Amino acid sequence: MSSDRTLCLYNTLSHDVEPVEPIEPGHLRFYSCGPTVYTYAHIGNFRSFLTADLIARTAAAIGWDTTFVSNITDVGHLTQDDLVDPSGEDKMTAALEREGTRFANIYDLARFYTAAFLDDWRALNLRMPDVQPRATEHVTPQIKAVEQLVEKGHAYETDQGVYFAVESFPDYGKLSGNRSAEDLEAGVREELIDDPDKRDPRDFALWKKDPDHLMQWHSPWGWGFPGWHIECSVMSAEYLGDHIDLHAGGEDLIFPHHECEIAQAESLSDDGEPFARTWVHTRFLQVEGEKMSKSKGNFFTVRDLIEPEAEGGRGVDPLALRYTLLSGQYRKPFNFTKKTLKDSARMIRRYQDAAALVEDALERGAAGDDHAPQGDDPQGALGDRLRDIYARTLDAMCDDLNTPQALAVAHEGVKLLHGMGGDLTAASAQSAQRWLEQTNALLGIVWNEHDGEAAPTDDAADDPLAEKVEALLDERAQARADGNYDRADAIRDELDAMGIEVMDSSDGTTWRKKIDV
RNA sequence: GGUGACGUGGCCGAGGGGUUAGGCAGAGGCCUGCAAAGCCUCCUACGGCGGUUCGAAUCCGCCCGUCACCUCCA
């Protein structure tokens with residue numbers, strides 16, 4: 001499925017939307033900064049991870065090979081607090097204490113939240129990266145990288161650790177615009193106590209000496225743990241090479257994290273070529289118009305939303321959450337609201353209904369019970385129309401991942417299929433099925449590609465509620481047959497109160513759970 | 001103080017010098033025992049002030065407002 005399309009993305013480095021041109025034509029190698037696994041990931045985290053997923057899907061859709069690496073940070077890096085109190089904790093250690101005796105050690109905690117993270121990843125129908133390297137499994141190459149930086153004169157050791165010497169890298173600031181040491185210093189909070197032996201306030205830790213840390217490794221500088229920025233540079237180089245096509249992450253990572261990654265990586269490769277050609281950053285989302293924060297009560301982890309209500313969640317269809325996150329372009333401010341989530345759930349249902357129509361038509365065709373096209377083949381053009389719709393959907397994605405536009409175009413196809421309804425011929429249904437598959441491969445909103453791998457689905461047939469509903473519907477059907485519409489409507493009201501909506505059609509009565517977010 | 005982004009109808013959100021985004025909500029219609037679902041129709045906005053232009057929501061300038069980062073929050 002090759003095409004002449006080019007994926008265009010906004011490059012933070014150039015401040016412009018530009019075509020992505022892989023170093024190896026037709027093969028996109030990219031890295032996306034993953035989570036620190038000290039708690040459940042929230043919806044904002046996943047807005048960023050979703051961007052990487054969409055890059056992978058869009059690149060694949062235009063016929064490129066992709067090598068997609070996304071790390072899992074399972075080393076506790078410093079919090080601000082422990083700069084104040086050097087014997088203090090990093091955020092993983094803090095999490096361990098916060099959780100009491102739930103985890104026997106910090107590795108158990110990391111394992112638990114890594115597994116939870118991967119569950120959420122699959123639930124949201126994000127494609128699995130080709131490699132998900134864990135920081136703790138790549139400490140040796142990190143130490144080697146730090147050694148090389150010291151040898152090359154880009155780093156120096158103090159009593160507290162090893163620091164990158166920003167002065168040795170003239171391009172420092174090219175990503176964020178933060179170039180001046182004075183300006184940066186002016187903004188640094190007073191309470192931050194820094195290593196007094198640092199040569200420049202911009203210098204950042206490559207290695208932290210700390211023989212008391214819960215996670216520590218042996219290094220030429222004694223026991224300690226690696227700096228935050230070095231893990232991404234090293235793991236990216238290990239799996240993708242010294243120079244990559246694209247590096248993605250949340251907007252907060254522009255500075256300092258990605259600025260520092262560039263400084264390290266380009267100092268190590270030292271050949272004048274950029275570490276990453278394109279830098280893509282996803283904006284923070286807001287919730288109901290406000291910054292998402294636990295104190296405001298508008299903080300949502302993925303599982304807060306998607307877990308069944310019986311398990312304390314809100315029972316939101318994970319694909320509806322995905323659809324919501326797609327409804328705003330990654331680069332624009334996005335206001336996450338319950339209203340949008342509800343609208344999205346409705347849209348997902350329309351896709352699923354369309355898929356069901358297609359499936360029915362395919363079954364009819366297999367049974368030799370196909371409808372003949374009426375008149376002069378009114379459906380003959382369906383395949384062409386859907387091909388056009390898909391082409392425009394892909395165009396939208398290639399235009400800086402314009403997901404709202406892509407969703408709007410794809411929705412034309414859904415309307416088309418709903419409009420045909422039961423008149424869909426088997427031949428048309430095959431075109432429609434292809435379109436659904438393509439659209440799902442690109443946007444991931446029709447069905448979850450990971451279904452079957454894990455994730456229990458809440459199949460209505462297994463629901464004890466279903467039996468009760470069916471019994472009531474049987475009674476209602478009898479009442480309707482008897483012309484007792486008062487009784488029939490009373491039963492419908494009862495079901496409505498149970499969160500069930502009833503749909504009568506010429507083929508009988510169906511029911512489903514109402515969307516309630 | 002420095003750096004970067006953004007301001008579109010009742011709401012969410014595209015587009016981007018002259019011509020419909022789309023969805024939700026709302027109104028009307030078809031269908032239905034009545035509904036629901038589905039289908040059809042309607043609902044014309046771009047923060048403010050200047051400037052460029054035959055013409056600006058779109059380009060430029062200024063202002064106002066919102067968001068983010070400035071040593072480890074996606």
Side-chain angles (χ1 to χ4, degrees), chain A residues 10 12 15 32-36 41-52 73 77-80 82-83 90-91 173 175-180 182-189 192 194 198 201-205 227-229 248-257 259-260 281-286 289-293 324 327-337 339-344 346-347 349-350 353 357 396 399 402-412 415 418-421 480 483 485-486 488-489 492-493 496 501-506 509-512 514:
Chain A
Y10 182 87
T12 307
H15 306 279
S32 170
C33 283
T36 302
H42 56 70
I43 56 177
N45 297 127
F46 268 93
R47 171 148 136 111
S48 170
F49 306 147
L50 177 63
T51 300
T73 298
H77 293 293
L78 297 175
T79 63
Q80 285 172 14
D82 54 87
L83 288 174
D90 63 76
K91 56 194 174 187
L175 182 69
S176 64
N178 292 330
R179 289 180 177 275
S180 151
E182 295 72 36
D183 291 340
L184 282 172
E185 202 169 13
V188 172
R189 285 177 286 268
L192 284 175
D194 222 333
K198 264 170 68 170
R202 298 173 299 174
D203 291 353
F204 53 90
W228 175 41
H229 312 302
E251 64 171 328
D252 59 321
L253 299 181
I254 296 171
F255 190 88
H257 184 53
E259 196 72 75
C260 295
H281 292 100
T282 303
R283 285 207 63 159
F284 276 18
L285 54 72
Q286 289 186 279
E290 290 189 293
K291 185 183 170 85
M292 182 166 74
S293 71
T324 296
S327 69
Q329 193 218 16
Y330 75 96
R331 195 159 64 79
K332 294 282 177 64
F334 180 70
N335 186 16
F336 184 95
T337 65
K339 173 83 162 54
T340 308
L341 195 53
K342 189 170 181 175
D343 292 349
S344 300
R346 200 178 123 77
M347 295 309 292
R349 191 142 83 179
R350 277 176 64 80
D353 288 347
L357 288 170
D399 180 16
N402 189 341
T403 47
Q405 176 70 21
L407 292 177
V409 174
H411 187 245
E412 289 179 30
K415 283 203 288 196
H418 274 281
M420 292 189 171
R480 291 180 72 208
Y485 292 117
D486 285 347
D489 291 349
R492 190 167 61 202
D493 289 345
D496 186 74
E501 67 185 335
V502 174
M503 291 157 296
D504 297 323
S505 79
S506 52
T509 298
T510 55
W511 65 277
R512 63 187 176 193
K514 285 192 297 187

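Just so we're on the same page: letters track the sequence lines, and every chain starts at 1. Predicted model only: the values in this text are computed from it and were never measured.
- Glu501(A) places no side-chain N or O within donor-acceptor distance of the main-chain N or O of Arg512(A), the cut-off being under 3.5 Å.
- Side chain of Arg512(A), nearest nucleotide from G33(B), G2(B), A37(B): A37(B).
- Listed pair Arg179(A) / G2(B) fails the phosphate criterion, with no side-chain N or O lying under 4.0 Å from OP1 or OP2.
- Spacing between atom CG of Asp493(A) and atom C1' of A36(B) amounts to 12 Å, rounded to whole angstrom units.
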**Study point:** Canonical and wobble pairing (Watson-Crick, G-U, under 3.5 Å) of RNA chain B, dot-bracket with |
**Key:** (((((((..(((.....[...))).(((((.......)))))....(((((..]....))))))))))))....
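- Per the geometry, NE2 belonging to His229(A) stands 10 Å off P belonging to C73(B), to the nearest Å.
- Within the 4.5 Å cutoff, side-chain heavy atoms of Pro404(A) are placed close to those of Asn402(A).
- Nucleotides U32(B) and C46(B) place their P atoms 43 Å apart, quoted to the nearest Å.
- Looking at heavy atoms from C-beta onward, Met420(A) lies out of side-chain contact with Leu357(A) at the 4.5 angstrom threshold.
- Residues Lys514(A) and Asp496(A) form a side-chain contact, since some pair of their non-hydrogen atoms from C-beta on lies under 4.5 Å apart.
- Of the possible donor and acceptor atoms, none in the side chain of Arg283(A) sits under 3.5 Å from a partner among the backbone N and O of Phe334(A).
- Taking only side-chain atoms of Ala205(A), from C-beta outward, the nucleotide of C73(B), U71(B), C72(B) with the closest atom is C72(B).
- Rounded to whole Å, the separation between the C1' atoms of U44(B) and U19(B) comes to 13 Å.
- When rounded to the nearest whole Å, the span between CD of Glu501(A) and P of C34(B) equals 19 Å.
- Ion pair Lys339(A)/Asp343(A) flagged as a salt bridge, since at least one NZ, NE, NH1 or NH2 atom sits closer than 4.0 Å to an Asp/Glu carboxylate oxygen.
- Rounded to a whole angstrom, the distance from the P atom of G7(B) to that of C60(B) is 14 Å.
- Comparing atom distances between the Leu253(A) side chain and each of A37(B), G23(B), A74(B) picks out A74(B) as nearest.
- Under a 3.5 Å cut-off, the side chain of Ser48(A) and the backbone N or O of Gly44(A) do not form any donor-acceptor pair.
- Looking at which nucleotide of RNA chain B each of Cys33(A) and Phe204(A) is closest to, the 5′-most match is held by Phe204(A).
- Atoms CD1 (Ile254(A)) and P (C73(B)) sit 15 Å apart, rounded to a whole Å.
- In this structure, the side chains of Thr282(A) and Phe49(A) stay at 4.5 Å or more apart for every pair of heavy atoms.
- Nearest nucleotide to the His418(A) side chain, out of U3(B), C67(B), G38(B): G38(B).
- Between the CZ atom of Arg202(A) and the P atom of C70(B) there is a distance of 17 Å, given to the nearest Å.
- Proximity of residues 44-51 of chain A to RNA chain B (heavy atom under 4.0 angstrom from any strand atom) is restricted to Gly44(A), Asn45(A), Ser48(A).
- One N or O donor and one acceptor, one from the side chain of Arg492(A) and one from the base of C34(B), sit under 3.5 Å apart.
- The phosphate of G38(B) has OP1 or OP2 within less than 4.0 Å of a side-chain N or O from Arg346(A).
- G22(B) and A14(B): their P atoms are spaced 15 Å apart (whole Å).
- Here the separation of G16(B) from U20(B), taken at their P atoms, is 15 Å to the nearest Å.
- Distance noted for atom C1' between A35(B) and G23(B): 24 Å (whole Å).
- Taking the P atom of each, C54(B) and G48(B) are spaced 24 Å apart, rounded to whole Å.
- Looking at heavy-atom distances under 4.0 Å, Tyr10(A) makes contact with sugar-phosphate atoms alone, never a base.
- Candidate nucleotides A68(B), C34(B), G23(B) were compared by shortest atom distance to the side chain of His411(A), and G23(B) ranks first.
- For the pair Leu357(A) CG and C39(B) P, the interatomic distance rounds to 10 Å; values are reported in whole Å.
- In terms of phosphate contacts, Arg331(A) brings no side-chain nitrogen or oxygen within less than 4.0 Å of OP1 or OP2 of A74(B).
- Without hydrogens or angle criteria, Asn45(A) side chain to His42(A) main chain gives a donor-acceptor distance under 3.5 Å.
- Judged by distance alone, with hydrogens and angles left aside, the side-chain atoms of Thr509(A) form no donor-acceptor pair with the main-chain N or O of Asp504(A) at under 3.5 Å.
- In this pair, His257(A) and Trp228(A) present their aromatic rings parallel. The plane angle is below 30°, not in the 30 to 60° band.
- Residue contacts for Leu285(A): at a heavy-atom cut-off of 4.0 Å it reaches a base atom on one of the strands shown.
- Taking 4.0 angstrom as the limit, Tyr485(A) places none of its side-chain polar atoms (N or O) nearer than this to OP1 or OP2 of A35(B).
- Heavy atoms of Lys342(A) sit nowhere under 4.0 angstrom from any nucleic acid atom.
- Using a 4.0 Å heavy-atom criterion, one finds that Arg349(A) contacts no nucleic acid atom at all.
- Comparing Met292(A) and Gln286(A) along RNA chain B, the residue whose closest nucleotide (by nearest heavy atom) sits nearer the 5' end is Gln286(A).
- A close approach under 4.0 Å does occur between a side-chain nitrogen or oxygen of His15(A) and OP1 or OP2 of A5(B).
- Distance from the side chain of Asp504(A) is smallest to C34(B) among C69(B), C34(B), A5(B).
- Counting atom types as modelled, Arg480(A) pairs a side-chain N or O with a base atom of G33(B) as donor and acceptor under 3.5 Å.
- Here, A45(B) and G50(B) have their C1' atoms 22 Å apart, quoted to the whole Å.
- The CG-C1' distance, from Asp496(A) to A36(B), rounds to 10 Å in whole Å.
- Distance CE (Met347(A)) to P (A37(B)): 14 Å, rounded to an integer number of Å.
- Across all strands shown, His257(A) has no heavy atoms under 4.0 Å from either base or sugar-phosphate atoms.
- Taking the side chain as every heavy atom from C-beta outward, Met347(A) and Leu407(A) never approach each other to under 4.5 Å.
- Using a distance-only test at 3.5 Å, with no hydrogens or angles considered, a donor-acceptor pair links the side chain of Glu259(A) to the main chain of Ser176(A).
- At a threshold of 4.5 Å between non-hydrogen side-chain atoms, the residues Lys415(A) and Arg350(A) count as touching.
- Looking at heavy atoms from C-beta onward, Leu50(A) lies out of side-chain contact with Tyr330(A) at the 4.5 angstrom threshold.
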Check your understanding: Which letters describe nucleotides 11-16 of chain B, given B = protein heavy atom under 4.0 Å from base, S = only from sugar-phosphate, - = neither?
Key -> -SSSS-
